[in-house]
Amino acid sequence: LAKTTQPISMDSYEGQEVNITCSHNNIATNDYITWYQQFPSQGPRFIIQGYKTKVTNEVASLFIPADRKSSTLSLPRVSLSDTAVYYCLVGGGDMRFGAGTRLTVKP
Amino acid sequence: ETGVTQSPTHLIKTRGQQVTLRCSSQSGHNTVSWYQQALGQGPQFIFQYYREEENGRGNFPPRFSGLQFPNYSSELNVNALELDDSALYLCASSIRLGEKLFFGSGTQLSVL
């Protein structure tokens, strides 16, 4: 199983773009990259999933370089409600969480 | 709304007791995974079931066991509870292996 490494915490301000990078050096050929968001006392919520290049949905973009050894979650124009823990997962079967990145958005 | 329901929402047990946590997934979700999340930590993978068979297991002792039923419900059983078992237990389902997970709100277990 590919291990992931993310920054423990990040701070940002409302209206800014936030980029969280995840390293996954031993990603397997069949593995997808998935990001989740979690608020206190709630289960994680799916944000975005990708395999290569760029994926965009209504809440985020996911950038994956050609070697797939890292990925970057981009949150455009964050608000206070985006304060949460963000997890990067890599896998094709069971999904295992790391410690995540605690994002704090300040006014 | 994820369509995943867990019960009970809160539970208090004493050390040495046994507990069963329940999860109801959406119809058609063939995989269910269980996670343990201690305060301030990421969810730790306990095990996953796919079409009623265990598909993967994390680093948890055998006293953690599970079942998945044909009606898309599942159970997590923990025997001989220890104080360190106090945590939020999360159930997550997906249609197929590796696809996005839909999480329930969890069961907060306190072991005294």
Side-chain angles (χ1 to χ4, degrees), chain A residues 1-10 20 22 24 27-52 55 57-60 62 68 71 73 83-104, chain B residues 1-6 9-10 21 23-26 29-51 53-60 66 68 87-110:
Chain A
L1 292 166
K3 180 181 177 181
T4 60
T5 303
Q6 305 174 231
I8 294 174
S9 64
M10 294 180 68
I20 306 175
C22 178
H24 28 80
I27 186 170
T29 302
N30 295 330
D31 286 346
Y32 277 76
I33 300 157
T34 313
W35 286 79
Y36 290 85
Q37 174 194 57
Q38 187 178 28
F39 299 110
S41 301
Q42 295 185 25
R45 182 176 71 101
F46 171 87
I47 301 174
I48 197 165
Q49 184 180 64
Y51 183 80
K52 62 180 180 180
V55 179
N57 62 22
E58 62 277 9
V59 298
L62 179 59
R68 303 198 332 120
S71 59
L73 173 72
T83 293
V85 179
Y86 292 82
Y87 296 96
C88 162
L89 278 72
V90 172
D94 57 67
M95 304 291 255
R96 308 198 182 200
F97 287 73
T101 297
R102 185 173 300 276
L103 172 66
T104 302
Chain B
E1 183 59 52
T2 65
V4 179
T5 304
Q6 292 187 243
T9 55
H10 295 83
L21 309 182
C23 174
S24 177
S25 306
Q26 294 184 50
H29 282 210
N30 294 305
T31 81
V32 64
S33 303
W34 286 89
Y35 294 85
Q36 179 196 68
Q37 186 171 27
L39 193 62
Q41 298 183 18
Q44 298 300 302
F45 176 74
I46 302 176
F47 43 60
Q48 179 187 67
Y49 281 80
Y50 176 66
R51 295 185 184 273
E53 292 193 8
E54 188 175 295
N55 183 67
R57 189 177 182 92
N59 189 27
F60 280 81
Q68 182 187 26
L88 180 67
Y89 288 84
L90 295 162
C91 165
S93 69
S94 63
I95 297 173
R96 286 176 284 272
L97 292 171
E99 294 191 350
K100 68 179 182 180
L101 297 170
F102 295 84
F103 280 84
S105 297
T107 294
Q108 185 65 53
L109 173 65
S110 298

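Chain naming here is simple, since letters A, B, ... match the order of the sequence lines and numbering starts at 1 in each.
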Student: If you look at every heavy atom in B:L90 and A:P44, which pair is closest and at what distance?
Tutor: CD1-CD, 3.8 Å
Student: Please answer whether the main-chain N or O of A:S41 pairs with a side-chain N or O of B:Q108 as donor and acceptor at a distance below 3.5 Å.
Tutor: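 Not confirmed, B:Q108 side chain does not pair with A:S41 backbone.
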Student: Which answer fits B:Q37, side chain, backbone, both or neither, if we ask what part of it has an atom under 4.5 Å from a heavy atom of chain A?
Tutor: side chain
Student: Is it the side chain or the backbone of B:F47 that comes within 4.5 Å of chain A heavy atoms, both, or neither?
Tutor: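 For B:F47, no heavy atom lies under 4.5 Å from chain A.
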Student: How far does CZ of A:F46 sit from CD of B:E99, to the nearest 0.5 angstrom?
Tutor: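 Here the rounded value is 9.5 Å.
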Student: Once ring pair (Phe, Tyr, Trp, His ring centres under 6.0 Å) is applied, do any residues pair with A:Y86, and if so which ones, sequence neighbours excluded?
Tutor: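 For A:Y86 there are no ring pair (Phe, Tyr, Trp, His ring centres under 6.0 Å) partners, ignoring immediate neighbours.
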Student: Is there a donor-acceptor contact under 3.5 Å from the side chain of B:Y35 to the main chain of A:F97?
Tutor: no
Student: Go through the steps for A:Y36 and B:K100 under the test side-chain contact (heavy atoms from CB on, under 4.5 Å), then give the verdict.
Tutor: CA-CA 9 Å; A:Y36 290 85; B:K100 68 179 182 180; 4.2 Å; yes
Student: Quick check on the interface: out of B:G106, B:A92, B:P43, B:G58, who has the most heavy-atom pairs with chain A under 4.5 Å?
Tutor: B:P43
Student: Please enumerate all residues that pass ring pair (Phe, Tyr, Trp, His ring centres under 6.0 Å) together with A:F39, with sequence neighbours excluded.
Tutor: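 Listed in chain order: nothing, the list is empty.
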Student: Where does B:S33 contact chain A at under 4.5 Å (heavy atoms): side chain, backbone, both or neither?
Tutor: neither
Student: Locate the shortest heavy-atom distance separating A:R96 from B:R57; write the atom from each residue and the value.
Tutor: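 Minimum heavy-atom contact is NH2-O, 3.3 Å.
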